[in-house]
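In what follows, a structure is listed as structure tokens, so that the remarks can point back to it.
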Number of protein chains: 2
Amino acid sequence: MTVATATAARRRAQAKTEYNAFLQVCPSRQVLARLSDKWVTLVLCAVAERPMRYGEITRAVAGVSQKMLTQTLRGLERDGLLSREVTPTVPVTVTYSMTPLGESLHTVVEGIKDWAETHMDQINDAREAYDSRVGTE
Amino acid sequence: MTVATATAARRRAQAKTEYNAFLQVCPSRQVLARLSDKWVTLVLCAVAERPMRYGEITRAVAGVSQKMLTQTLRGLERDGLLSREVTPTVPVTVTYSMTPLGESLHTVVEGIKDWAETHMDQINDAREAYDSRVGTE
DNA sequence: CGGAATCCTGCCTGATACTG
DNA sequence: CAGTATCAGGCAGGATTCCG
């Protein structure tokens with residue numbers, strides 16, 4: 001780190017400390033931080049259906065890079081949400097499946113999904129109203 | 001666009017189209033995309049307690065920049081989750097409060113929060129186990 | 001006070017190539 | 001097949017400044 005950036009870094013660290021206090025109040029932050037990862041939800045949805053191999057997930061969540069997929073899978077495994085099973089066949093086989101913990105999280109995510117399906121049209125209406133209002137004024 | 005990147009761009013667009021199909025299957029994605037915004041949840045939590053003014057939210061969610069706060073508030077307002085009320089006093093007063101729609105989303109978010117509080121220790125245990133396992137091997 | 005506009009940095013992300 | 005390593009770019013996000 002250069003001297004020039006020291007002050008900025010310092011202030012950032014300071015701010016980080018400050019809002020950590022608020023984060024303590026809201027423990028959901030840490031889990032939401034996980035769900036924030038764009039791919040986490042998709043992978044979770046995919047594997048929730050049935051255990052999948054690496055390649056299958058790649059295809060199911062088409063658009064994800066190996067890097068992100070691996071990173072996501074590692075994170076989910078680390079958090080005990082997915083289990084990774086290696087079968088030492090000749091071309092090595094790796095299967096990912098949900099853990100009970102992962103299942104329970106998936107249930108909650110389903111709750112959000114339900115909310116989304118129920119209220120999505122209201123949100124769209126609100127957006128259109130807002131946009132036309134802004135466009136008109 | 002150069003000729004050299006045409007192929008890559010093409011494939012990217014292709015992939016995008018593909019996983020859009022998957023996203024259609026998972027409508028929760030759009031709402032999750034909202035919740036993914038780091039600050040959305042925090043702001044939602046803050047305003048859910050009581051209507052707040054811009055400055056109050058800034059302090060409550062200490063660490064957020066005006067840019068991100070404004071951006072977040074605009075997004076939430078656009079989606080009809082928050083309402084923005086301007087009182088033309090001498091120093092203008094702007095108050096944000098939850099809409100019924102916002103309240104209902106907050107209820108769901110509370111569900112996540114509950115899950116988080118209930119299972120956070122399990123996740124931490126899993127993390128420690130994973131880390132020590134990796135560190136040992 | 002509440003916000004808009006600008007600039008600028010760093011990280012997230014993706015593409016590519018290589019390994020076991 | 002299931003990754004790892006490396007490189008390059010874009011864009012989210014922060015700091016700063018100015019306006020109503």
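The figures here come from the full heavy-atom set of this structure, side chains too, leaving out hydrogens, waters and symmetry mates. Treat the numbers as computed from the prediction; the structure is a model and nothing was measured.
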Nucleic acid footprint by protein, nucleotides 3-10 of chain D - heavy-atom cut-off 4.0 Å, B for base, S for sugar-phosphate alone: SS------
Interatomic distance where CE belongs to Met68(B) and C1' belongs to dC11(D) [whole Å]: 12 Å
d(CD, Gln71(B); P, dA4(C)) in whole Å: 11 Å
Contact summary for Met52(A) and Ala46(A), nearest pair of heavy atoms: CE-O, 3.7 Å
Listed partners of Ser83(B) passing side chain to side chain donor-acceptor pair (under 3.5 Å), at least two apart: Ser97(B)
Interatomic distance, Glu85(B) CD vs dG3(C) P [rounded to whole Å]: 13 Å
Spacing between Leu69(B) atom CG and dG2(C) atom C1', to the nearest angstrom: 10 Å
Distance-only polar pair, side chains of Gln122(A) and His119(A), donor-acceptor under 3.5 Å: yes
Axis bend over the full length of the helix from dC1(C)-dG20(D) to dG20(C)-dC1(D), computed from five pairs that close each end, to 10 degrees: 50°
Value in whole Å for how far the P atom of dA12(D) lies from CG of Asp37(A): 16 Å
Phosphate-side-chain proximity, Arg53(B) and dG2(C), N/O vs OP1/OP2 below 4.0 Å: yes
Arg50(B)/Glu56(B) ion pair, N-O < 4.0 Å: yes
Thr93(B) side chain to Tyr54(B) side chain, donor-acceptor N/O pair below 3.5 angstrom: no
Between C1' of dA2(D) and CZ of Arg59(A), the distance in whole Å: 12 Å
Sidechain-backbone polar pair: Thr72(A) side chain, Trp39(A) backbone, donor-acceptor under 3.5 Å: no
Thr89(A) side-chain N/O to Pro91(A) backbone N/O, donor-acceptor pair under 3.5 Å: yes
Under 3.5 Å: donor-acceptor pair, side chain of Thr95(A), backbone of Arg53(A): no
